[in-house]
Amino acid sequence: MASVKRKGILERLDAGEVIIGDGGYTMQLERRGYVKAGHWTPEAAVEHPEAVIQLHREFLRAGADVMQTYTFYSSDDKLDLSGNAPNVTCQQINEAACDIARAVANEGGALVLAGVSQTPVYKDRSSEAVVKAVVKQQLDVFLRKDVDFLIAEYFANVEEAVWAVEVLVTSGKPVASTLCIAPTGDHVGVSPQECAVRLVKAGAQIVGVNCHVDPTQCLRTVRLMKEGLDAAGLTAHLMIQPLGFHCPDAAAEGYIGLPEFPFALESRVVNRWDVHRYAREAYAAGIRYIGGCCGFEAYHIRALAEELAPERGILPPASTKHGLWGSALEGSSKPYVKARASRAHWEALKPASGRPLCPSLSIPDA
Ligand code: CBH
Ligand code: ZN
C-alpha cells in the first residue's frame, strides 16, 4: 500500500513538534490471547491480523502520531527458539506487520515506524557480522514496504544497538534507537551518557529508552543521556517509551526481575493521572517523542495527548467521549461522584490498592 505524503518525523521534530508514540503491543496481545508469553514473538501479525489492526486503531484513536510495526522479536533465530519456525518466518511477519501498520496509519495521518530489537544471536564482539545480517534481512523488507522511519529498540547492550543502527542508517531513512536500560546503564555497565553518545555517533537522530522500568526511572535515564550528549557537543532528538507499570523496586534488569512479571503486574499499572504527570515532566526535560511500552494502553496514550494538547493544539478522537480532567462526571446523577468532576480531586488522589495484605514493593529475583 502506498504511503500518503506527509511531513516526516525529523521535519516535525526539528520544528519542535511533540510526537505522541503508541503503547505496548506484545504484552497487551498476550493478555488478549494472541501471544506466547515468555517468548513474546509477533506471529499474530500473520495469524491474527485483525487483533493487531484493532490495537493499532485504539492507539491511533487515542492520539498516537506513529504506528510502530508489530515486528518485536521477529528475527528468524528468535522464531526458531520460540517454536514458530518453520511455520512463520521473519519475512512473512515483517511484511504483514508493515502492511497492517500502514493501513491503520493512513486512517489517521500517522507515520509508520519499523522496528528491530535485540537478537538471541548476540553474544559478544564476535557476533557483529551475524547480528548485522539479521538486521539487514529485516531492513530489506522495511525498505520494500517503504516505511517512514526506523528504530532499533529494546537493546540491553549498547554494543548490539550500535550495530543495528549502523545497518539501519545505510537506508537513508531517519533512525531512532531506544535502549531498555535503567539509570545504572546498559547490561555491562556502560553509562546512559556514554550509550547516548555511541548511538548518535553511529548515526541515530533520535535516542532514548523504552520498556524495563517505570516513567520516573526512564525520565532519569533520558536526562542522563541528554547530559552525555551535551557534554560531548552532540545533538539528537530525545525519545521515551516507558513501562506503564510502577516499579521503583526494579533492579538493573527492570521489571523482568520482579516476581509479578509477567502475569500479576496489574496492581502496578499507572493510572491516567500518573501519565499526565509523566507527559509534563518529559516535555519539561526536552523530550519530544513521548510514548509508552509494555502496560501502556490506549487510555494512557490518550492521557499523553490530553496533557500535551496545549502544546499540540489538537485533541485526539478518543477525547470526544469524555470531558477533560474528569469534567465528564458533571453529568453524574450521584452527588458524591459529581463532586469528583475536578482536576484537583484526581491530582491530589493517592489511589488505594485494595489489597490489605500485600506489600507495596517486592524483592527482585537475583
Ligand atoms: O510490543 C511492543 O510494544 C514492542 N514495541 C516492545 C516490546 S518490549 C517487550 C518486553 C518483554 C520481553 C521479554 O521478556 O523478553
Ligand atoms: Zn516493553
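Both counts, for ligands and for their atoms, begin at 1 and track the order of listing. These values consider heavy atoms only, across backbone and side chains, with no hydrogens, waters or symmetry-generated copies.
Proximity of Gln68 to ligand 1, defined as any heavy-atom pair under 4.0 Å, is confined to the side chain (atoms from C-beta onward). Residue-level proximity to ligand 1 for Phe72 is carried by the side chain, the only part with a heavy atom below 4.0 angstrom. Neither the backbone nor the side chain of Ser117 has a heavy atom within less than 4.0 Å of ligand 1. Under 4.0 angstrom from ligand 1, the non-hydrogen atoms of Cys294 all belong to its side chain. For Phe59, no heavy-atom contact with ligand 1 is shorter than 4.0 Å.
More than 12 non-hydrogen atoms from other residues, nucleotides or ligands lie less than 6.0 angstrom from NZ of Lys173. More than 12 heavy atoms of other residues, nucleotides or ligands shown are found within 6.0 angstrom of CD1 on Ile256. More than 12 non-hydrogen atoms from other residues, nucleotides or ligands lie less than 6.0 angstrom from CZ of Phe263. Around NZ of Lys136, the count of heavy atoms belonging to other residues, nucleotides or ligands within 6.0 Å does not exceed 12.
Any N or O atom pair closer than 3.5 Å counts here, and Asn210 shares no such pair with ligand 1. Not one N or O of Tyr255 is nearer than 3.5 Å to an N or O of ligand 1, by distance alone. Residue-to-ligand polar distances place Glu153 within reach of ligand 1: an N/O pair is separated by less than 3.5 Å.
With ligand atoms numbered from 1 in the order given, ligand 1 contributes 6 (C), 7 (C), 8 (S) to contacts under 4.0 Å with heavy atoms of Cys293. For ligand 1, the atoms lying closer than 4.0 Å to a non-hydrogen atom of Trp40 are 12 (C), 13 (C), 14 (O), 15 (O). Interface of Ile256 with ligand 1, defined as ligand atoms under 4.0 Å from a residue heavy atom, comprises 13 (C), 14 (O). Close approach of ligand 1 to Phe261 (heavy-atom distance below 4.0 Å) involves ligand atoms 14 (O). Heavy-atom proximity to Cys211, at under 4.0 Å, picks out these atoms of ligand 1: 8 (S), 10 (C). Ligand-side atoms of ligand 1 in range of Tyr73: 12 (C), 13 (C), 15 (O), range being under 4.0 angstrom from any heavy atom. Under a 4.0 Å criterion applied to the non-hydrogen atoms of Gly24, ligand 1 contributes the atoms 3 (O).
Residue, atom and distance of the protein heavy atom nearest to atom 2 (C) of ligand 1 are Tyr25 N, 3.5 Å. Among all protein heavy atoms, the one lying closest to atom 1 (O) of ligand 1 is Thr26 N, 2.9 Å. Shortest contact from atom 12 (C) of ligand 1 to any protein heavy atom: Tyr154 OH, 3.4 Å.
With respect to the salt-bridge test (charged N to carboxylate O, under 4.0 angstrom), the residues Glu227 and Arg223 do not qualify. We find that Glu311 and Arg280 are joined by a salt bridge, their nearest charged nitrogen and carboxylate oxygen being less than 4.0 Å apart.
Defined by atom type and a distance below 3.5 Å, a donor-acceptor pair is missing between the side-chain atoms of Glu307 and Tyr278. Under the 3.5 Å distance criterion, with hydrogens and angles disregarded, no donor-acceptor pair is assigned to the side chains of Glu153 and Gln241. Using modelled atom types and a 3.5 Å distance limit, the side chains of Glu50 and Gln54 yield no donor-acceptor pair. No side-chain N or O of His300 forms a donor-acceptor pair with one of Asp274 less than 3.5 Å apart.
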Side chain to side chain contact (heavy atoms under 4.5 Å, CB included) between Glu160 and His187, intermediate numbers included: CA-CA 11 Å; Glu160 190 188 9; His187 194 61; over 6 Å; no
Check against side chain to side chain contact (heavy atoms under 4.5 Å, CB included), Val190 and Asn157: CA-CA 8 Å; Val190 181; Asn157 289 74; over 6 Å; no
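Under the 4.0 angstrom criterion for non-hydrogen atoms, Gly23 is in contact with ligand 1.
Checking each of Asn87, Asn84, Thr89, Val35 against Glu43 for a side-chain contact (heavy atoms from CB on, under 4.5 Å) leaves exactly one that passes, namely Asn84.
If you look at the Zn ion (ligand 2), the protein N, O or S atoms less than 2.8 Å from it are Cys211 SG, Cys293 SG, Cys294 SG.
Between Trp273 and Trp346, the angle of the ring planes stays under 30°, which puts this pair in the parallel group of the 30/60° scheme.
A distance below 6.0 Å separates the ring centres of Tyr25 and Phe59.
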